[in-house]
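Remarks on the structure that follows.
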2 protein chains.
Amino acid sequence: MSENGSLRRGRPGYDQQGILEVAVAAFNQFGYDATSMGVLADRLGLSKSAIYHHFASKDEILERALDEALSGLEGVLDEADAARGRAADRLDHVLRGAVHVLVDKLPYVTLLLRVRGNTEVERSALERRRAFDRRVMALVTEARDEGSLRSDIDPRIVERLLFGMINSIVEWYRPGGKEDADRLADDVIAVALDGLRMPTSNRIEELLG
Amino acid sequence: MSENGSLRRGRPGYDQQGILEVAVAAFNQFGYDATSMGVLADRLGLSKSAIYHHFASKDEILERALDEALSGLEGVLDEADAARGRAADRLDHVLRGAVHVLVDKLPYVTLLLRVRGNTEVERSALERRRAFDRRVMALVTEARDEGSLRSDIDPRIVERLLFGMINSIVEWYRPGGKEDADRLADDVIAVALDGLRMPTSNRIEELLG
DNA sequence: ATACTAACTGAACGATCGGTTAGTAATGTC
DNA sequence: GACATTACTAACCGATCGTTCAGTTAGTAT
């Protein structure tokens with residue numbers, strides 16, 4: 001439960017991170033609202049009140065979890081914004097990076113994608129998500145203007161379809177399969193950029209014509 | 001509240017459909033579990049107990065709503081299975097049909113896509129969804145085998161990415177905008193089949209080589 | 001030993017949950 | 001008017017919700 005080698009002081013047991021992992025797994029299985037502190041305590045093998053030693057409220061557990069996901073996604077965008085080069089290349093980096101964050105922090109991102117905005121914590125997370133989307137939209141627009149992306153579809157719709165596809169990964173991807181994160185990112189980028197259609201001579205003529 | 005012109009007998013008021021529409025809207029706003037029968041009654045302008053005149057339980061309201069979405073989606077697949085012709089054309093019909101069902105029954109499909117499987121009703125709906133996905137996967141496999149779709153990506157992943165993209169429409173599409181269902185379906189199919197990349201001479205050479 | 005720190009328990013709180021019961025109100029039909 | 005039909009209300013139920021509190025346990029540090 002502790003990541004550093006030196007022994008922790010005080011009575012051994014869960015720390016915040018340990019509680020968080022179990023809680024997020026439960027939230028994802030039942031939904032946040034449908035997960036009671038009682039069943040959460042059962043899963044931890046603790047009493048309900050023990051949880052309140054580590055977190056001030058159920059809401060605060062959610063807040064920590066959502067920040068874990070959001071900071072990961074925002075980090076990918078920060079890297080892209082710091083880099084120079086074609087917008088298409090920076091967008092490529094963001095898409096692949098987003099897939100990796102999804103896979104590495106799967107439970108946290110899964111939870112984030114199901115937030116409805118019932119509380120202040122949830123609304124704040126939704127706003128950070130919207131800000132993320134806006135930054136990606138700007139990148140898509142840039143890539144279109146430099147001639148890298150097709151210009152016949154609204155960049156906002158392009159961005160939403162792109163992340164609709166990427167985010168849906170949390171619905172079915174499970175780690176440990178033959179499909180690792182790199183291969184998955186390759187597939188997603190291949191479908192997104194080049195489409196599903198099998199190239200044919202007809203298509204080549206169409207492109208030439 | 002009534003769709004037929006002739007007057008209903010008995011005291012006027014809500015019928016099942018009227019209750020259902022308001023309930024589904026509330027479920028989508030707050031989430032099913034976070035929507036209490038109390039706030040639902042407030043939205044309807046009724047007492048809690050009045051709702052139980054129309055539905056036996058909260059669960060039954062959900063059941064009706066999920067069936068509305070599922071029967072719509074299954075209908076599209078039934079049409080495609082009844083038709084003859086290339087698998088690619090039947091798949092095209094399914095994808096466009098799914099977009100239209102999503103738009104026409106937006107609140108119901110939105111609700112369906114958020115079901116977690118906590119109750120028997122939810123688990124049954126999830127199983128119908130999985131059966132739908134399996135039928136679409138078979139169609140994707142057929143289209144690949146006839147040479148219409150690229151063969152370098154697992155058909156199961158293709159299907160999931162496709163419907164990840166399509167299903168994500170419920171997260172942002174709102175009726176009444178400039179983007180109607182037909183245009184939206186065109187955009188989705190365009191991105192899915194031909195990708196986002198701007199065709200270049202390099203790409204043509206690559207296809208020819 | 002003593003002090004300190006962190007982890008935890010059991011019992012209880014007020015609030016809210018989904019649901020029940022018994023009775024009432026408003027319409028069309030005859 | 002009587003009657004059937006449909007829609008609804010007020011009051012209440014036991015269960016469960018998130019949370020609090022006073023006290024206990026198990027370890028490290030000096």
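The chains referred to below are lettered A, B, ... by the order of the sequence lines, with proteins before strands, and numbering in each begins at 1.
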Mind calculating the distance between [atom1] ([X]) and [atom2] ([N]) to the nearest angstrom?
X       : N     : atom1 : atom2 : result
B/Gln16 : D/dC8 : CD    : P     : 12 Å
B/Ile19 : D/dC8 : CD1   : P     : 6 Å
A/Arg9  : C/dC4 : CZ    : C1'   : 7 Å
B/Asp15 : D/dT6 : CG    : P     : 12 Å

I'd like to know if [X] pairs up with [Y] as an ion pair, taking the criterion as any Lys NZ or Arg NE/NH1/NH2 lying under 4.0 Å from an Asp or Glu carboxylate oxygen.
X        : Y        : answer
A/Asp67  : A/Arg128 : yes
A/Asp89  : A/Arg86  : yes
B/Arg114 : B/Asp33  : no

Do [X] and [N] share a donor-acceptor pair, side chain to base, under 3.5 Å?
X       : N      : answer
B/Arg11 : C/dA26 : no
A/Lys48 : D/dT19 : yes
B/Ser49 : D/dA10 : yes

B/His54 side-chain N/O to D/dT6 phosphate OP1/OP2 under 4.0 Å: no
Presence of A/His53 side-chain N/O under 4.0 Å of C/dC8 phosphate oxygens OP1/OP2: no
Per [X] side chain, nearest of listed nucleotides [options]:
X       : options                : result
B/Pro12 : D/dT9, C/dG19, C/dT27  : C/dT27
A/Tyr52 : D/dG27, C/dT9, D/dT19  : D/dT19
A/Lys58 : D/dT20, D/dG18, C/dT20 : D/dG18

Cationic tip of B/Lys58 above B/Tyr32 ring, under 6.0 Å, 45° of axis: yes
Short side-chain donor-acceptor distance under 3.5 Å, A/Arg64 and A/Gln16: yes
Salt bridge (Lys or Arg N to Asp or Glu O under 4.0 Å) assessment of B/Asp133 paired with B/Arg160: CA-CA 8 Å; B/Asp133 284 337; B/Arg160 282 157 167 165; over 6 Å; no
Proximity to DNA chain D (any heavy atom under 4.0 Å), residues of residues 27-44 of chain B only: none
Validation row: B/Tyr14, B/His54 side chains within 4.5 angstrom (heavy atoms): yes
